[in-house]
Amino acid sequence: MSLDTDDEILQDFLVEAGELLEGLSEQLVQLEQTPDDKDLLNAVFRSFHTIKGGAGFLSLDNLVKICHRAEDVFNLLRQGQRHVDSNLMDIILQVVDVLNRMFDEVRSGTQPAPAPDPLMAALEPLTLPEGEEEASAPPPPPAIPAAPEPPPAPASASGELQGDITDDEFEALLDALQDQKQNGGPQPSPAAAVPSPMSAGTHRAEGDTISDEEFDQLLDALQGRKPGAASAQPASSQGAGDIITDDEFENLLDNLHGKGAAPKPVTPAAPAPSAARPAPPTETPVGGVDKGAKPAALADTSVRVDTKRLDDIMNLVGELVLVRNRLATLRSRMRDEQVSKAVTNLDVVTADLQAAVMKTRMQPIKKVFGRFPRVVRDLARSLKKEVNLELWGEDTDLDKNLVEALADPLVHLVRNAVDHGIESPEERLAAGKPRAGHVVLSAAQEGDHILLTISDDGKGMDPEVLRGKAVEKGLMDEDAASRLSDHDAFNLIFRAGFSTKTEISDVSGRGVGMDVVKTRIAQLNGRVEVTSELGKGSTLSIRLPLTLAILPTLMVVLGRQRFALPLANVSEIFDLDLSRTNRVDDQEVIMVRNRSLPLYYLRRWLVPGSSDEYRGMGHVVVVFSGNQRVGFVVDSLIGQEEVVIKPLGNMLHGVPGLAGATITGDGGIALILDVPGLLKNYARRH
């Protein structure tokens, strides 16, 4: 059966329950390290419980079943009848993987497929207290289908519930009341006793109704009132006879759910062998009222906005930036004081608006970092290593597009640190190190850039070994390899086909991955660097712009055409006597602080029919792409300018070295250069 993906309740479930699911992997890995953390146990239990409730309301039965089993396991863990170990956590993490698969299917509009039978079979013994697994040899009876979950009641601005209670909701309340009576909860007097479906051994028939008198008796039993005491209550609290008031229903929910407290362990007086599994508490659907959640007044301070709307607003701000640049150019020509003041004010307001809109697109990098505890945990177990992961700067904000684009490169770098960097426990002990390796993943904002680092305290890299591998794989000859500095030798790991692994495994050894990482980072206008110390460890550093929406550039002129170089790729600018260059291996080079840099003339690449005559002084812009630094000779420099990238037309679409176009301050058109594309497609032809 297909699902209506446009349904607002379904989308709310996917967003809210999806956020809980995102945090589960990190919480579970942390719980494995601190199994006695009761708060963490309760948090994980509530996550499964809440996801189950929302799935039940939406009739996602297969999702309900697996969450119900996981919930049972954590109910036992909270009660101390089971303990966390690695085998249990392996199974629960597989549950999270299956839930992610099911959520993907729901997003695509299809009912989720059932969880694999082996996983459900592995979960079944974990739902029994430790020591009772052997007694469960006979197959368990078929699970009774879960009752429909109560739908989330609409909330007013004051946070009060509104609307009538449905039959299904009331059935759940009656069942919970009977559980309380059986386990020593609030006891109604015989005169106020309400016949329970569970006491009769059957479920109440669907659509059966309850009388007004029975409902009053139910309220009396839950709120601790004796029969006949209703007359002592103020008339306003009873409402209009047959209608329950908002306050009464709030109190009813409080008695059933508790005010945000976790359910207390329940010990049956005489448990039967087949009744070892505690009864799950009443579900709270995602989007429903949770008495332990933050007050409604706080929830009302935020609103969910479709990302497309944010992108549209950002595009409009980009157009405003172009108009501001145009007015700034006209201001210098008009020389009118009033116009100048108005344009200056517009400049300030536009800058503030641009910053505000950019902040709405920002997301904490925790959305990426949250997956790494699971990645490191699983990889360390497969490699039989012991690794501790430390996360710093998870609250650092980054443009949402960058957050999404960084996920895969960072996964590869972290896996590389665990596989290549961290030694086995035996090797670490022999080297005088702790058994467990240490990997740190950090993020910090530095001006208009983000600095990401992945560091480890492993064996580090030997530059001599790297030089030898480069020669062995035919990447360079021995003479060229011997001239490499240690820094350049470390950067060999970013060459395609380069690997120091002697055996190919599922993790590494094929020589692919690091070159893809460097290319991807370069596409994001970033750069990656590596430092290492033999026997001490390695550090990979990534620098990225805060956003890709509005691009700071350096405007240059080639012939009569303006071009924009992304400022994130520019290292420095200087004037040079072009007659004082050298040639090495048929490549023109210059010396900058005792380091040779390849020199290229952009006009020869980008301006048809340009003259090869370059004499006297010239302007050199030093740019970098990944770890490669080169010098570009340009005809003249205009200065910095913020631009908005516009897509190229059909005639120029796909031209190597061009990232897009923009409108300049004087109303002209400037092509935005793609530095990695320029070097890849033109440098070897020169």
Side-chain angles (χ1 to χ4, degrees), residues 17-18 20-38 40-53 55 60-105 112-143 146 276-280 370-387 389 506:
L20 295 175
L21 191 57
E22 282 182 4
L24 267 178
S25 291
E26 184 177 359
Q27 290 175 329
L28 290 170
V29 173
Q30 184 180 350
L31 182 63
E32 185 177 20
Q33 300 170 352
T34 57
D36 297 327
D37 190 333
K38 298 297 183 184
L40 197 52
L41 268 174
N42 288 332
V44 173
F45 172 85
R46 284 194 297 269
S47 294
F48 282 117
H49 178 68
T50 307
I51 294 172
K52 170 190 166 184
L60 305 174
D61 296 335
N62 291 325
L63 212 160
V64 169
K65 289 177 183 177
I66 190 169
C67 283
H68 184 69
R69 283 290 177 264
E71 183 186 40
D72 288 343
V73 174
F74 278 90
N75 209 21
L76 291 179
L77 291 173
R78 295 193 310 159
Q79 298 175 22
Q81 298 181 33
R82 271 202 166 274
H83 297 89
V84 176
D85 57 38
S86 296
N87 291 329
L88 180 147
M89 201 55 67
D90 284 340
I91 296 173
I92 297 299
L93 287 171
Q94 291 180 46
V95 170
V96 174
D97 292 338
V98 170
L99 287 177
N100 277 308
R101 185 260 295 168
M102 288 182 170
F103 268 64
D104 289 339
E105 291 170 342
D117 290 337
L119 178 59
M120 297 300 289
L123 272 173
E124 192 64 31
L126 301 181
T127 61
L128 300 174
E130 287 183 4
E132 296 187 16
E133 296 91 338
E134 294 79 3
S136 64
R277 186 182 303 127
R371 70 178 61 186
F372 291 111
R374 169 76 184 279
V375 170
V376 171
R377 184 256 185 201
D378 290 350
L379 184 58
R381 280 179 62 82
S382 68
L383 297 174
K384 295 180 172 56
K385 296 181 179 181
E386 298 178 15
V387 184
L389 175 66
D506 292 338

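What you see is a predicted model; the values in this text were computed from it and never measured.
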| request: Just jot down the side chain to side chain contact (heavy atoms under 4.5 Å, CB included) partners of R101, sequence neighbours excluded, or say none. | output: V98, E105, A113, P116

To check you understand the geometry: which heavy-atom pair defines the closest contact between [X] and [Y], and what is its length?
X: I51; Y: C67; answer: CG2-SG, 3.7 Å
X: N62; Y: P112; answer: ND2-O, 2.8 Å
X: S25; Y: V96; answer: OG-CG1, 3.5 Å

Interatomic spacing from [atom1] in [X] to [atom2] in [Y] - rounded to 0.5 Å:
X: H68; Y: D61; atom1: NE2; atom2: CG; value: 13.0 Å
X: D104; Y: L99; atom1: CG; atom2: CG; value: 11.0 Å
X: E22; Y: N100; atom1: CD; atom2: CG; value: 8.5 Å
X: T50; Y: L20; atom1: OG1; atom2: CG; value: 6.0 Å
X: L60; Y: M102; atom1: CG; atom2: CE; value: 9.5 Å
X: L41; Y: Q27; atom1: CG; atom2: CD; value: 10.5 Å

| message | Show, in sequence, the C-alpha distance, side-chain angles and deciding distance for E32 and S86, and conclude whether the side chain to side chain contact (heavy atoms under 4.5 Å, CB included) test is met. | response | CA-CA 7 Å; E32 185 177 20; S86 296; 3.1 Å; yes

| field | D85 atom CG, neighbour heavy-atom count above 12 within 6.0 Å | value | yes

| request: Show your reasoning for whether side chain to side chain contact (heavy atoms under 4.5 Å, CB included) applies to R377 and D90. | output: CA-CA 10 Å; R377 184 256 185 201; D90 284 340; 2.6 Å; yes

| remark: Between R374 and the options D97, L389, L24, the side chain to side chain contact (heavy atoms under 4.5 Å, CB included) test singles out D97

| said: With side chain to side chain contact (heavy atoms under 4.5 Å, CB included) as the test, pick out the partner of F48 among I92, N75, L21. | reply: I92

| What residues form a ring-ring contact (aromatic ring centres under 6.0 Å, His included) with F372, not counting sequence neighbours? | none

| Evaluation steps, side chain to side chain contact (heavy atoms under 4.5 Å, CB included), between V95 and V73 | CA-CA 12 Å; V95 170; V73 174; over 6 Å; no

| Stepwise side chain to side chain contact (heavy atoms under 4.5 Å, CB included) check, N87 with I91 | CA-CA 7 Å; N87 291 329; I91 296 173; 5.8 Å; no

| Any salt bridge between R82 and D72, counting N to O under 4.0 Å? | no

| query | Is it true that R381 and D378 make a salt bridge, defined as a side-chain N closer than 4.0 Å to a carboxylate O? | reply | no

| request: Using modelled atom types only, decide if a donor and an acceptor are shared between the side chain of E130 and the backbone of H83 within a distance under 3.5 Å. | output: yes

